Protein chains: 2
Amino acid sequence: MKFSTRTTYGLRALIKLSEKFGKNNVSLASISRDEHISLKYLEQIFSSLKKANLVKSEKGATGGYSLVKKPEEITIFEIIEILEKDMNLFRCIDQHGKVNCNFKCNCGATKVLINVQRAINDTLKGMSLKDLI
Amino acid sequence: MKFSTRTTYGLRALIKLSEKFGKNNVSLASISRDEHISLKYLEQIFSSLKKANLVKSEKGATGGYSLVKKPEEITIFEIIEILEKDMNLFRCIDQHGKVNCNFKCNCGATKVLINVQRAINDTLKGMSLKDLI
DNA sequence: AAAATACCTACTGTTTTAGTTGGTATTTAA
DNA sequence: TTAAATACCAACTAAAACAGTAGGTATTTT
């Protein structure tokens with residue numbers, strides 16, 4: 001189990017935006033330089049973040065991205081949910097935490113798996129972007 | 001982010017063993033039937049679990065697998081650590097929770113990532129196989 | 001002797017990942 | 001008004017990981 005580079009890079013980039021919250025825009029070019037991340041890849045990541053209404057953008061020479069909400073209002077869970085393509089930790093549990101087993105097995109395992117998923121989610125919901133500055 | 005089928009199947013199978021702890025061996029054939037998991041795949045999974053000394057086995061007609069420790073002494077973290085091939089959630093953090101960034105960047109991000117990793121690990125360490133029966 | 005089990009090694013199709021490539025559109029500053 | 005800097009968009013691709021399959025051998029009980 002590993003977070004994708006999308007998620008990792010996204011988190012790192014959002015930390016940059018948090019530091020400049022209420023001040024400047026942050027350009028992807030500057031993040032690319034500072035964090036050694038491919039500019040084109042960052043563009044894709046920020047496309048997702050913008051669609052999810054987590055960041056807003058301005059074009060042009062002084063353009064760039066900024067957070068839509070305060071850092072303390074953005075949870076790590078929220079970010080991961082946007083960037084990670086599949087946040088269902090187990091096959092037999094769907095996005096809403098309900099059992100969705102192919103074989104309609106009546107094993108007790110799904111209960112545990114649901115608890116594991118919930119525990120991790122709660123942990124991530126308890127952490128915000130502010131918890132780092 | 002998703003747990004591999006190895007981990008998911010392994011957890012489900014270990015639940016079976018927990019139920020029979022102190023009583024019978026559990027054969028992989030019976031798990032395969034009950035849980036609709038490929039027998040050959042289960043064999044691979046249990047090979048890892050045995051190497052890690054989490055289960056022991058007996059051959060022959062009444063053979064099968066059983067837990068080496070009590071269910072309450074086996075944490076979910078322990079199981080996942082064995083079955084999941086890579087438990088480093090982020091690239092820039094190694095197994096021991098230390099920063100290992102290719103570019104030796106001095107960004108503050110790694111601190112957060114370490115906290116995320118630790119929070120999830122602690123959650124999983126707090127759950128045992130017993131928490132389901 | 002047969003059946004049931006564990007145990008071992010190698011192979012493989014599919015999917016996902018981690019980007020790359022090649023552009024267009026908009027805004028600012030010289 | 002032109003150049004530079006930015007965001008924005010869509011398609012492609014090599015490599016790695018995943019999720020098994022295949023074909024056996026070894027041991028123990030009935």
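Computed from a predicted structure; not experimentally measured. Chain letters run A, B, ... following the sequence lines, proteins first and then strands; every chain starts at 1.
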Report, one line per pair, each donor and acceptor closer than 3.5 Å where one atom sits in a side chain of residues 44-52 of chain A; sequence neighbours left out.
from  : atom 1 : to    : atom 2 : distance (Å)
A:S48 : OG     : A:R6  : NH2    : 2.9
A:K50 : NZ     : A:S57 : OG     : 3.0

To the closest 0.5 Å, what do you measure between CD1 (B:I76) and CG (A:L113)?
8.5 Å

Separation of D:dA10 C1' from A:K51 NZ (nearest whole Å)
11 Å

B:L42 atom CG is separated from D:dA19 atom C1', nearest whole Å, by 13 Å

With sequence neighbours excluded, residues passing ring-ring contact (aromatic ring centres under 6.0 Å, His included) with A:F21
none

Take atom NZ of A:K2 as the centre, draw a 6.0 Å sphere, and report whether it contains more than 12 heavy atoms from other residues, nucleotides or ligands.
yes

Protein and nucleotides 1-6 of chain D: nitrogen or oxygen contacts under 3.5 angstrom:
from  : atom 1 : to    : atom 2 : distance (Å)
D:dT6 : O4'    : A:G60 : O      : 3.4

Spacing of B:E43 atom CD relative to D:dG23 atom P, expressed in whole Å:
15 Å

Return all side-chain donor-acceptor pairs below 3.5 angstrom for residues 61-75 of chain B, not counting sequence neighbours, or 'none' if the list is empty.
from  : atom 1 : to    : atom 2 : distance (Å)
B:K69 : NZ     : B:E78 : OE2    : 2.7
B:E73 : OE1    : B:K70 : N      : 3.4
B:T75 : OG1    : B:E78 : N      : 3.0

So does B:S4 get a backbone contact from the side chain of B:T8, meaning a donor-acceptor N/O pair under 3.5 Å?
yes

Residues in salt bridge (Lys or Arg N to Asp or Glu O under 4.0 Å) with B:K59, at least two apart?
none

Is there any protein nitrogen or oxygen under 3.5 Å from a nitrogen or oxygen in nucleotides 16-20 of chain C, and what are the pairs?
from   : atom 1 : to    : atom 2 : distance (Å)
C:dA18 : OP1    : B:R91 : NH2    : 2.7
C:dA18 : OP2    : A:T5  : N      : 3.0
C:dA18 : OP2    : A:T5  : OG1    : 3.3
C:dA18 : O5'    : A:T5  : OG1    : 3.3
C:dG19 : OP2    : A:Y9  : OH     : 3.0
C:dT20 : OP2    : A:S38 : OG     : 3.0
C:dT20 : O4     : A:Q44 : NE2    : 2.5

Could you measure the distance from the CZ atom of A:F77 to the OG1 atom of A:T123? Nearest 0.5 Å is fine.
11.0 Å

Tell me: CD1 of B:I45 to P of C:dC7, nearest whole Å?
14 Å

